Each structure stands twice: as C-alpha cells, then as structure tokens.
Engineer: 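Supplied in structure tokens, the structure appears directly below.
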Protein chains: 2
Amino acid sequence: MTGWEDVRAEVLRRIRARDWAPGALIPGEEALAVEFGVARATVNRALRDLAEAGLLERRRKAGTRVALLPVRRATLEIPVIRQEVEARGQRHSFRLLAMADAVPPVPVASQLGWGPGLAKLYLETLHLANGKPYAHETRWLEPAVLPDPPPDFSGVSANEWLVTHVAYATGDIAFSAEAADARCAEVLGVAPGAALFVTERTTFSAQGAITFVRLVHAPGYRLHTLV
Amino acid sequence: MTGWEDVRAEVLRRIRARDWAPGALIPGEEALAVEFGVARATVNRALRDLAEAGLLERRRKAGTRVALLPVRRATLEIPVIRQEVEARGQRHSFRLLAMADAVPPVPVASQLGWGPGLAKLYLETLHLANGKPYAHETRWLEPAVLPDPPPDFSGVSANEWLVTHVAYATGDIAFSAEAADARCAEVLGVAPGAALFVTERTTFSAQGAITFVRLVHAPGYRLHTLV
DNA sequence: CAGTGGTCTAGACCACTCG
DNA sequence: GAGTGGTCTAGACCACTGG
C-alpha cells in the first residue's frame, strides 16, 4: 500500500498545500523514510522523480528544497512522419522532389560543424496525407553515413530510413513560425506569406553530424504535449 | 567503475551497433546482471532509463525488446515568461491591458469543462523585453482559485502569480503557427497576417480547471529542446 | 501458471559540497 | 570535516501477462 508513488503523492500534496513553502528545506530522506515507514531507497525514488519534474531541487549536503519558480517540463513525442499521419487515420505517401550533391548554405554547415565548401547530399521531399500536402522536408545529409549502394530514397523516405538505420543519435530540435516562401507556398498549395509551423532538427552521432532537416508543416499543424 | 550509467552506455552501444536488432528480444535483467557483474537493480535502472527514452519496450513476461521505430522523445522547459526574458539578458516588464469578468467563448469553456454561460476572469497582458513587445497573453481564469482579496495583477503578472501560488498542476500544452489578427498585430507592432508562434495551455488541479492561456509570441521566437 | 519486469528492504559505501 | 543525497547489493515478494 505504501510504494514510492504514494510517497511522491504525499510529498506533492504537502508542496501544494504549502506545508513546505517554495524555497524551504524539506526533511532529509532518512527522516522521511522513518516517518512514512519505508526504506530510504523508496523515498529517494519519489524525491528523485519530483526533482526531475522540476518541483524539487536537490543538492548533496545542502538537502532538498521546494523549487522557487518551478519550471514546467513537458515531454513531446516526435514520431516518424509516416506514423504521425497514420495515427490520424490517414494514408501517408511522399514524393522525392529533388536529390543532389551540393554545398550546403553556410549557416547549416557551421551549425553541423561541416567544413566550408564540402558537398553533401541534399534531399527535398513532400509528404502527403491522403494525397494532400502534409509537410515539406528539406534535408542535408552526410553522405558518409550511407551504405554502398545507397538506399533508394524514392522508395523509403529519408526520414524513416535514418530513424531505423542511424538510430539513437543525439540532437537538437527547434520549433518556430515562419511565413511561407514562394517554394513552400507552391509545394504545399498555400498562399505565399501564410503562417506555417516549422521544425528544424540537427542530428549528431559519435562520429559527427549526420543530418539537418527542416520540416515546414501544412497549415493547421499543432504540436501537442503528452499529459 | 560499473554503475548503472555504464550499463546503460553498453546497452546503448549494442543497440546502435545492431548487436541487438530493432524488434529483437534482449536478454533478461538477471542474465545481464550476471554478465555485467552487477546487481539486477542496477540493470533495471539502466533499462528503465532507456525505456523512458523510447529506445526499449518492456513488458512483464514478454521481456525487453529494442524499439522498432524509436519515437524521439524531447523534453522542453517552459519557464515563467519573466525568467525567459531575463535568461536572454533582457529586462522584463508587462502591461495589464484588460481585466474583466466575462463569459468565455464556447471552445474554451468546453475544453476546460466549464458550464456554458458561466462568467470567468479574463486577463489580457502584454509582455515586454527591454520595453519591446515580447508576447501577447490572453487568459481565462477560474476566479474560485483566487484568494480574497485577489492579487494585484497589474503588479505581478498572472503568469507568475499562478506558478507560485497554484503550482504543480497538470495540464496540456499545444504549439502552433498562426497569422496575426488585427488585435495581435496592433499590440505586438507587426503587420496583420504575420506568422506568429502560439502557445496554448490548459491547467487543471484536482478541483477542476484553473486556467486557459494563449500566448502569441513576437516574430523570431524559437522554442528549443534540451539536448 | 510460470516467467518477466516492478518494486521494496536493510545495510553499506561513496561523492559531493557546505560551512 | 561532516552531513546529505547518489548509488550499489542481495534477497525477496509482487503484479502483470503471454503461452
């Protein structure tokens, strides 16, 4: 009946009830373990969870404090586009619009740590949901990560091939709102200047930068947190 | 030398190296504990972490499998606006543009489970960074959560008051791109139709809905994940 | 129903850091 | 230096769920 989730719930209750005010030091793990009648490891698990959520601040020797200004932490799921479309009950397809060796623009190259003037693989893909434009993908890809012969990106989207073959890399994701430029407007079938949701991702492996991808979503796209 | 992070690193290496292919069953905790020469709890901690990151799928009795299409999970930090502005090295200020009792529009009321026709508190705030428009906040607030007398929202932004006084509630966050309407354009000083980044949050406590807030950010706003 | 992960315990040592 | 959280261990029981 008294598991770590119960401990977490009780601690959370005390925080909300301001039994423990923001900024205040709360009792140590040992004391709480005695009070709740559980092992210290159980208390530790509960407090660690609340700390990860941003509600507590823990430091050795200094003890555990209630966060002064709790930073909301939210988790997003970024699925493969095919999954995303199919989760909406629609049929996913895509068209490879362009594929070429080319020198990436300086901002892209510098962000990925690619030397200036080096040619990389450029891919432009239009994703469709039930045959209607869903997202416009432009991608720069380190050709060294590809096998020989390279995969057929007109049969498998680069998006999906990378996830399953160069998986589990680290990276950075940024979201913004941008006005549709001429190319996006044409491809997505919207008016130039329309407000579009943009996702930009850089992906690194231990060997270096793998890819930079920019996804411009069709109007109406919303990104949702879990819970 | 052999902690749970070492175990996680080694498991991650095997996944990346495809020693364990996507979809494949990996050895049980007991077996791995023996192999690595650690306690089962240590293996458990490592595998649980990888499962939370979306790289493994664990089910009792069925065992642990490498995720077929690893869904990228990203964590965002949503700070209080004042912190956000100050983190950029700018000075935060705000102006309370409107405050009134009013009946929220039907979509808002229904999303929050508020009965139709009930009046709530409406707040409209402009946040400034170094005196320049930063974000336009429109908020519907359950008046029952306010103390008597209510806080002075022209002195403390509702954003910040709520975080420190009704903190630690659950909720839902959505992001989208929208064209500036006349009001936003005027307040933020941009052209009507400009592409703006919009954050919408609903917040619930155990007692029910607390608030719905819509933040329209000035152009150039980018939302970034942590690593 | 049997196997796997999920959790708890009691004790221990360690790492960090505050005073 | 000493107090606090971070982690490990060995063993145990439990909960879920696949076959």
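Naming convention: chains lettered A, B, ... in sequence-line order (proteins, then strands); numbering from 1 in each chain. Worth saying up front: this structure is predicted, and the values here are computed from it rather than measured.
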Engineer: Scan residues 41-50 of chain B against DNA chain D and write down, sorted by residue number, each residue with any heavy atom closer than 4.0 Å; if none is found, say none.
Structural biologist: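 Residues of residues 41-50 of chain B that come under 4.0 Å of DNA chain D are, in numerical order, B/Ala41, B/Thr42, B/Arg45.
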Engineer: Run the side chain to side chain contact (heavy atoms under 4.5 Å, CB included) test against B/Arg214 and tell me which residues pass, sequence neighbours left out.
Structural biologist: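 With neighbours one apart ignored, the set is B/Thr138, B/Glu178, B/Val198, B/Glu200, B/Phe212, B/Val216.
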Engineer: Which salt bridge (Lys or Arg N to Asp or Glu O under 4.0 Å) pairs, counting each pair once, include a residue from residues 150-166 of chain B, with sequence neighbours left out?
Structural biologist: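 Matches after skipping sequence neighbours: B/Arg82-B/Glu160.
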Engineer: For A/Arg45, enumerate each residue passing the side chain to side chain contact (heavy atoms under 4.5 Å, CB included) test, keeping only those at least two apart in sequence or located in another chain.
Structural biologist: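 With sequence neighbours excluded, A/Arg45 shows a side chain to side chain contact (heavy atoms under 4.5 Å, CB included) to A/Trp4, A/Arg48, B/Arg48, given in chain and number order.
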Engineer: Going by the rule ring pair (Phe, Tyr, Trp, His ring centres under 6.0 Å), which residues pair with A/Tyr221 if we only count those two or more places apart in sequence or in a different chain?
Structural biologist: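 By the ring pair (Phe, Tyr, Trp, His ring centres under 6.0 Å) rule, A/Tyr221 matches A/Phe197, A/His217.
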Engineer: Tabulated below should be each protein N or O lying under 3.5 Å from an N or O of nucleotides 16-19 of chain D; please produce it.
Structural biologist:
from	atom 1	to	atom 2	distance (Å)
D/dG18	OP1	B/Arg59	NE	3.2

Engineer: Sequence neighbours excluded, which residues qualify as side chain to side chain contact (heavy atoms under 4.5 Å, CB included) partners of A/Leu126?
Structural biologist: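 Residues passing side chain to side chain contact (heavy atoms under 4.5 Å, CB included) with A/Leu126: A/Arg95, A/Leu97, A/Leu128, A/Pro133, A/Val187, A/Leu188.
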Engineer: Given that B/Thr64 and A/Arg40 both sit by DNA chain C, which one's nearest nucleotide is further toward the 5' end?
Structural biologist: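 Nearest-nucleotide comparison on DNA chain C picks B/Thr64.
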Engineer: When the side chains of residues 30-41 of chain B are checked against the rest of the protein, which donor-acceptor pairs come out under 3.5 Å, sequence neighbours left out?
Structural biologist:
from	atom 1	to	atom 2	distance (Å)
B/Glu35	OE2	B/Arg14	NH1	3.3
B/Glu35	OE2	B/Arg14	NH2	2.6
B/Arg40	NH1	B/Glu29	OE1	2.5

Engineer: Check whether any side-chain heavy atom of B/Leu146 lies under 4.5 Å from a side-chain heavy atom of B/Leu141, and answer yes or no.
Structural biologist: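 A side-chain contact exists here, since the closest heavy-atom pair is under 4.5 Å.
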Engineer: Give the rounded distance in Å between these two atoms: CD of A/Glu5 and P of D/dA15.
Structural biologist: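 The answer, rounded to whole Å, is 13 Å.
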Engineer: Listed by chain and number, what are the side chain to side chain contact (heavy atoms under 4.5 Å, CB included) partners of B/Ala87, not counting sequence neighbours?
Structural biologist: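 For B/Ala87, no residue satisfies side chain to side chain contact (heavy atoms under 4.5 Å, CB included) once neighbours in sequence are set aside.
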Engineer: Give the first and the last nucleotide of DNA chain C, reading 5' to 3', that has any atom under 4.0 Å from a heavy atom of chain A.
Structural biologist: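 Terminal contacting nucleotides, 5' to 3': C/dT7 to C/dC18.
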Engineer: Please report, to 0.1 Å, the donor-acceptor pairs under 3.5 Å made by any side chain of residues 105-115 of chain B, with sequence neighbours excluded.
Structural biologist:
from	atom 1	to	atom 2	distance (Å)
B/Ser110	OG	B/Val106	O	3.3
B/Ser110	OG	B/Pro107	O	3.2
B/Trp114	NE1	B/Glu142	OE1	3.3

Engineer: Can you run down the ring pair (Phe, Tyr, Trp, His ring centres under 6.0 Å) pairs that involve residues 38-93 of chain B, sequence neighbours left out, and say none if there aren't any?
Structural biologist: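 Passing the test, one end in residues 38-93 of chain B: B/His92-B/His127.
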